[in-house]
Amino acid sequence: MNYYLARSVFGRYKVQCFRPSKLLGCLEYDNESVVLRNLLWATSKHDVYLMQNYSVMHWSSLLRRGKEVLNVAKPIIPTLKYPGCSAEPLSRVQISTMSVKDNLMVAGGFQGELICKSLNQTGVAFCTKVTTDENAITNAVDIYRNPSGATRVMAANNDAQVRVLDAANFACINRFTFPWSVNNTSVSPDGKMVAILGDSAECLIADAQSGKVMSNLKGHLDYSFASAWHPDGRILATGNQDTTCRLWDIRKPSESIAVLKGRMGAIRTIRFTSDGRFLAMAEPADFVHVFDAKSDYAVGQEIDLFGEIAGISFSPDTEALFVGVSDRTYGSLLEFNRRRYDHYLECLF
């Protein structure tokens, strides 16, 4: 059986970063929902959150079964109420993107919706339409901590705006406007900077508190859709319609330090492992690429599968890579386990 392994030879060793261990289950996705969004998040090696039609599901690999966390086909009534609260009921939301972190799940919709739910509480704490503009898709959501340690939610929309909400009461505390639709944002590990990508060949680094642009990254040839920070906060990866992922040292932003090429399509999702050892990037369909940062990203693995890719996510312990496949026939959630080598054994052969 071919385990999707693409072997790269570095010196005398064959590099195989991850290997698939199991098919976690057959899932059906709404194909419209996976065009440029992230619909899969792993909070541990055994806990994965993902979209299945109009439901957000929690899959437990220990129990080998899924549980519905949120049904967005039904009316959603927010539980949070206070004077001036902008929450409003929603119904039949088509989820476009989501993020899960620190027991908080945030989802965006194709009509500018934003839904925030505490995973350890029943009901939905907050939901609203952040914009009523035509074609106001919520393209990306991010959960992060600011330099003071407070949890924030960031939402990027097609109306060219980025909104920052306080996760304590979901009040909008900041709003930044850009000259083009914003497809993706990602906040640096220290909470001080944010990468802004959208319908432009240029990518921006801005101050996460004020929105003031600090750097302009030039090198991509088309619109950008994905970004991720290395855990050390010095390297930013950006994914583009030009089928490349570029790596930038933000201390020297005048040019990228590496260009990683995809096989056929745009780079729609990028993830680093929590230890910074591996970078994974996904195309819209069929291909996921894993690169070894220890080799300066020169050595990698190509995972060849079948179907639209709904999202990828490393487990926090770096031991698993999850891939969501959206296809009416082959829809599935795949798990790839990290392969470790006992190099001392190689001298015996």
Side-chain angles (χ1 to χ4, degrees), residues 1-11 13-27 29 38-52 57-67 100-101 228 230-231 237 245 260 262-263 267-283 285-295 297-327 330-346 349:
M1 180 177 178
N2 187 335
Y3 285 113
Y4 307 123
L5 285 175
R7 299 177 179 177
S8 301
V9 178
F10 182 71
Y13 301 109
K14 292 179 179 178
V15 178
Q16 300 169 182
C17 306
F18 290 85
R19 56 185 170 83
S21 65
K22 64 190 85 171
L23 175 71
L24 297 186
C26 292
L27 305 165
Y29 292 88
N38 301 301
L39 299 172
L40 171 69
W41 286 87
T43 56
S44 80
K45 187 179 179 180
H46 307 295
D47 299 280
V48 183
Y49 294 84
L50 69 161
M51 281 298 303
Q52 183 177 5
M57 304 293 294
H58 167 238
W59 172 265
S60 170
S61 61
L62 291 176
L63 300 177
R64 303 289 299 168
R65 65 171 181 261
K67 178 183 178 181
V100 182
K101 191 180 297 182
H230 188 280
C245 168
L260 311 179
R263 170 72 68 162
I267 306 304
R268 299 297 179 113
T269 308
I270 304 172
R271 296 283 184 266
F272 278 101
T273 51
S274 60
D275 61 2
R277 175 65 188 274
F278 296 103
L279 176 150
M281 65 184 199
E283 300 183 32
D286 301 341
F287 295 102
V288 175
H289 309 269
V290 182
F291 293 92
D292 187 351
K294 195 173 182 179
S295 70
Y297 307 95
V299 178
Q301 171 193 0
E302 182 180 87
I303 300 172
D304 184 358
L305 43 87
F306 183 83
E308 302 282 338
I309 297 172
I312 60 174
S313 182
F314 286 110
S315 61
D317 64 1
T318 79
E319 292 299 319
L321 169 65
F322 295 94
V323 179
V325 178
S326 169
D327 184 86
Y330 301 105
S332 56
L333 173 62
L334 300 174
E335 178 184 347
F336 297 79
N337 283 342
R338 183 167 178 174
R339 172 167 287 175
R340 296 187 180 274
Y341 286 99
D342 296 317
H343 291 292
Y344 64 90
L345 294 177
E346 303 218 10
F349 300 96

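Throughout, numbering of the chain's residues begins at 1 and tracks the sequence. Values reported hereafter were calculated over all heavy atoms of this structure, with side chains retained and with hydrogens, waters and symmetry mates removed.
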Quiz item: Got a donor-acceptor contact below 3.5 angstrom from the S274 side chain to the P316 backbone?
Solution: yes
Quiz prompt | D304 CG to F287 CZ distance, which is reported to the nearest 0.5 Å | solution = 4.5 Å
Quiz item: How about R271 and L279: do any of their side-chain heavy atoms sit closer than 4.5 Å?
Solution: no
Quiz item: Got a sec, which residues hit side chain to side chain contact (heavy atoms under 4.5 Å, CB included) with A42, two or more places apart in sequence or on another chain?
Solution: V48, S313, F322
Quiz item: Considering residues at least two apart in sequence or located in another chain, which fulfil the side chain to side chain contact (heavy atoms under 4.5 Å, CB included) criterion with S60?
Solution: H58, L62, L63
Exercise. Find the distance between CD1 (I312) and OG1 (T269) and round it off to the nearest 0.5 Å.
Key: 5.5 Å
Self-check item: Verdict with supporting geometry, D292 and F278, side-chain contact (heavy atoms from CB on, under 4.5 Å)
Solution: CA-CA 5 Å; D292 187 351; F278 296 103; 4.2 Å; yes
Quiz prompt | Set of residues satisfying salt bridge (charged side-chain N to carboxylate O under 4.0 Å, His left out) with respect to R263, sequence neighbours excluded | solution = E302
Self-check item: Test side-chain contact (heavy atoms from CB on, under 4.5 Å) applied to M281 and L260, step by step
Solution: CA-CA 9 Å; M281 65 184 199; L260 311 179; 4.2 Å; yes
Quiz item: With sequence neighbours excluded, what pairs up with D275 under the side chain to side chain donor-acceptor pair (under 3.5 Å) test?
Solution: T273, R338
Exercise. State, to 0.1 Å, how close D47 and S44 come at their nearest heavy-atom pair, and which atoms those are.
Key: OD2-OG, 2.6 Å
Quiz item: Hey, what do you get for OG1 (T43) to OH (Y49), rounding to the nearest 0.5 Å?
Solution: 5.0 Å
Exercise. Could you list the residues that satisfy side chain to side chain donor-acceptor pair (under 3.5 Å) with D286, not counting sequence neighbours?
Key: none
Quiz item: Do S332 side-chain atoms and L334 backbone N/O form a donor-acceptor pair below 3.5 Å?
Solution: no
Quiz item: A282 and V288: which non-hydrogen atoms are nearest, and at how many Å?
Solution: CB-CG2, 4.2 Å
Quiz item: How long is the span from the CD atom in Q301 to the CG atom in L321, to the nearest 0.5 Å?
Solution: 8.5 Å
Quiz item: To the nearest 0.5 Å, what is the distance between CZ (F336) and CZ (F314)?
Solution: 11.0 Å
Quiz item: Do you know which two heavy atoms are closest between C245 and I270, and how far apart they sit?
Solution: SG-CD1, 3.8 Å
Quiz prompt | CD1-CZ distance between I309 and R268, expressed to the nearest 0.5 angstrom | solution = 11.0 Å
Quiz prompt | Test side chain to side chain contact (heavy atoms under 4.5 Å, CB included) applied to K45 - qualifying residues, sequence neighbours left out | solution = S315, D317, E319, A320, E335, N337
